[in-house]
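Presented below is the structure to which this report refers.
All heavy atoms count here, side chains included; hydrogens, waters and symmetry mates do not. The structure displayed is predicted, hence computed values, not measured ones. Residue numbers begin at 1 in each chain, while the letters A, B, ... track the order of the sequences.
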Protein chains: 2
Amino acid sequence: MKRKPSTEATAAWIRLMRVQSRVLDAVEQDLKKGGFPPLAWYDALLELSRAPTGEMRPVELEKQMLIPQYSTSRLIDRLVDEGLAVRRECKMDKRGQFVEITETGRDLQKKMWGAYSAAIEKHVGSKLSDADALKLCGLLDRLGCSCGEVKAASAAKEGAPAR
Amino acid sequence: MKRKPSTEATAAWIRLMRVQSRVLDAVEQDLKKGGFPPLAWYDALLELSRAPTGEMRPVELEKQMLIPQYSTSRLIDRLVDEGLAVRRECKMDKRGQFVEITETGRDLQKKMWGAYSAAIEKHVGSKLSDADALKLCGLLDRLGCSCGEVKAASAAKEGAPAR
DNA sequence: TCAAGATTGATGCAGCTGCATTTAGTAGGC
DNA sequence: GCCTACTAAATGCAGCTGCATCAATCTTGA
């Protein structure tokens, strides 16, 4: 069971870890400089804003964002504290609730997309041709442990979820 | 300044974030199941074990691992608490110190490499041919914000640093 | 020689994560 | 109806991260 990975695989692993961390840091840093909250907030706001009614069950949000339950719970807390979302009771299921994005929340999501998209362009787009970006996608997808595909189209218009 | 990135670049960004997080999780999970400490500990032990004298200044460790100063300081605390390293005073510079890996530390590093390398093979190696792994390296390197190259050779023999 | 500035390492604080547990409500079987 | 099993969400605790700051020491230059 030992010394199995090839040097190539190991090198790919190292780069995957290093480069992701560098690029993520750079993007988060750019957002912070713009006075914006962390990326996770953006992801949540984006999901909420995409919901046809503007509201979602925490459970759904959790599935969309691929983060654990407690994490969702606390993220919602923070959004609500900042007035970016509100909790609504769920009459069909009294255990549950709905989370609805506010106008402030929608505004912030849009403003963040400006800074966020600029950061993606700066730290990814400008360093890779479209063809190479596609190649990278293809290779990365093969590593994705059967993680559902992300349609490029869905990300293109209004924002991109991370994680 | 808005809506700049191509859909290809955005898709690459999303996958970079998602896949890295999945793969890292999977590897960390495997290590945890084996009863081992987190990857960061491994990285530190590896750097220390590679030092010709078995000891390093925290500042050097910091530079090697590309983590912030306070993070190094606390990581060393934990290693020392667990008997994996010891602090030694530095006579040339009384502000500073040396950190030396213990035999226990060396043993742990070696044992961890068994589990770690198996995890790399399982989650990366087995999903990519060597040629594709190299392609992936090439593409990722272009995103690396002038981060120093990692020689494949240095990683091959005894372990691979993350981050 | 001595003050100003840089460097080394530690630490208090706040926020976030994971884990386990708790609380509350639902649903199914009998 | 009532007991059990399940699901939705919240929360207490520990550990880790980032940020700012601190104390101690070293270096430099006038």
Side-chain angles (χ1 to χ4, degrees), chain A residues 17 20-22 24-33 35-44 55-82 85-100 162-163, chain B residues 17 20-22 24-33 35-44 55-82 85-100 162-163:
Chain A
M17 296 302 116
Q20 186 271 354
S21 139
R22 298 300 197 103
L24 176 57
D25 264 25
V27 170
E28 289 262 27
Q29 217 51 40
D30 282 3
L31 281 183
K32 186 175 285 189
K33 272 178 210 150
F36 294 114
L39 259 186
W41 292 36
Y42 175 82
D43 288 348
E55 62 183 11
M56 288 175 85
R57 299 287 297 264
V59 199
E60 293 178 75
L61 194 56
E62 189 182 318
K63 278 176 204 145
Q64 288 297 321
M65 298 183 60
L66 303 169
I67 58 179
Q69 177 269 320
Y70 51 81
S71 195
T72 316
S73 176
R74 289 195 255 239
L75 181 51
I76 295 171
D77 281 350
R78 287 170 219 136
L79 297 181
V80 170
D81 282 352
E82 298 295 325
V86 289
R87 290 183 208 267
R88 301 217 175 285
E89 73 168 325
C90 173
K91 293 184 177 164
M92 303 83 99
D93 185 342
K94 281 189 183 168
R95 288 168 306 182
Q97 63 188 255
F98 281 107
V99 180
E100 186 180 1
R163 321 221 155 172
Chain B
M17 296 302 116
Q20 186 271 355
S21 137
R22 298 301 196 104
L24 176 58
D25 264 26
V27 170
E28 289 263 28
Q29 217 52 39
D30 282 5
L31 280 184
K32 187 176 282 190
K33 274 180 209 148
F36 293 114
L39 260 186
W41 291 36
Y42 176 81
D43 287 348
E55 62 184 12
M56 288 176 87
R57 299 286 297 264
V59 200
E60 293 179 75
L61 194 54
E62 191 182 317
K63 277 176 205 147
Q64 289 295 321
M65 297 182 62
L66 304 169
I67 58 179
Q69 179 269 319
Y70 50 80
S71 195
T72 317
S73 176
R74 291 196 252 241
L75 181 52
I76 294 171
D77 280 351
R78 287 169 218 136
L79 296 180
V80 170
D81 282 352
E82 298 296 324
V86 289
R87 289 184 208 267
R88 301 216 175 286
E89 74 167 323
C90 172
K91 291 182 180 166
M92 304 82 98
D93 184 341
K94 281 188 182 168
R95 288 169 306 184
Q97 61 189 254
F98 281 106
V99 180
E100 185 180 2
R163 323 223 154 171

(message) So which atom in B/Ala85 and which in B/Val99 form the shortest heavy-atom distance, rounded to 0.1 Å?
(response) CB-CG1, 3.9 Å

(message) Applying salt bridge (Lys or Arg N to Asp or Glu O under 4.0 Å), can you list everything that pairs with B/Arg78, at least two apart in sequence or on another chain?
(response) none

(request) Heavy atoms only: give me the nearest B/Ala40-B/Met65 pair and the separation to one decimal. (result) O-CE, 3.7 Å

(request) May I ask you to verify whether the side chain of A/Gln69 and the base of D/dA8 hold a donor-acceptor pair under 3.5 Å? (result) no

(request) Please tell me which of A/Arg95 and A/Pro38 maps to the more 5' nucleotide of DNA chain C, matching each residue to the nucleotide holding its nearest heavy atom. (result) A/Pro38

(message) Rounded to whole Å, please give me the gap between CZ in A/Arg57 and C1' in D/dA8.
(response) 7 Å

(request) Would you mind telling me which residue lines up with the more 5' stretch of DNA chain C, A/Trp41 or B/Lys32, judged by nearest nucleotide? (result) A/Trp41

(request) Rounded to the nearest angstrom, tell me the gap between atom OH in B/Tyr70 and atom C1' in C/dA10. (result) 14 Å

(request) Could you tell me whether the side chain of A/Glu82 and the main chain of A/Leu79 form a donor-acceptor pair under 3.5 Å? (result) no

(message) Distance check needed: D/dA9 C1' versus A/Leu61 CG, whole Å only.
(response) 13 Å

(request) Kindly indicate whether a cation-pi arrangement holds for A/Arg87 with A/Phe98, taking the cut-offs as under 6.0 Å to the six-membered ring centre and within 45° of the axis. (result) no

(request) Please check the phosphate of C/dT8 (OP1 and OP2 only) for any side-chain N or O of B/Arg87 closer than 4.0 Å. (result) no

(request) Report the residue (A/Gln29 or A/Val59) whose heavy-atom-nearest nucleotide on DNA chain D is the more 5′ of the two. (result) A/Val59

(request) Could you tell me which non-hydrogen atom of A/Gln64 sits nearest to which non-hydrogen atom of A/Met56, and how far apart they are? (result) CG-CE, 4.0 Å

(message) Show the nearest heavy-atom pair for residues A/Glu28 and A/Leu39, with the distance to one decimal.
(response) OE1-N, 3.4 Å

(request) Starting from P on C/dA27, measure out to CE on A/Met92 and report it in whole angstrom. (result) 12 Å

(message) Measuring only between side-chain heavy atoms, which start at C-beta, is A/Gln97 closer than 4.5 Å to A/Pro58?
(response) yes

(message) So B/Phe36 and B/Lys32, do their side chains get closer than 4.5 Å, heavy atoms only?
(response) no

(request) For DNA chain D, determine which residues of residues 71-82 of chain A have any heavy atom closer than 4.0 angstrom to one of its atoms, and list them numerically. (result) A/Ser73, A/Arg74

(request) Could you work out which one of C/dG9, C/dG25, D/dA10 sits closest to the side chain of A/Gln97? (result) D/dA10

(request) Round to the nearest Å and state the distance from A/Leu24 atom CG to D/dT17 atom P. (result) 14 Å

(request) Please report how far the helix from C/dT1-D/dA30 to C/dC30-D/dG1 bends, comparing the axis fitted to its first five pairs with the axis fitted to its last five, to the nearest 10 degrees. (result) 10°

(request) Return the value, rounded to whole Å, for the distance between atom CD of A/Glu89 and atom P of C/dG25. (result) 11 Å

(message) Rounding to an integer number of Å, can you tell me how far B/Glu62 CD sits from D/dG18 P?
(response) 12 Å

(request) Rounded off to whole Å, could you give me the CE-to-C1' distance for the A/Met65 and C/dT17 pair? (result) 14 Å

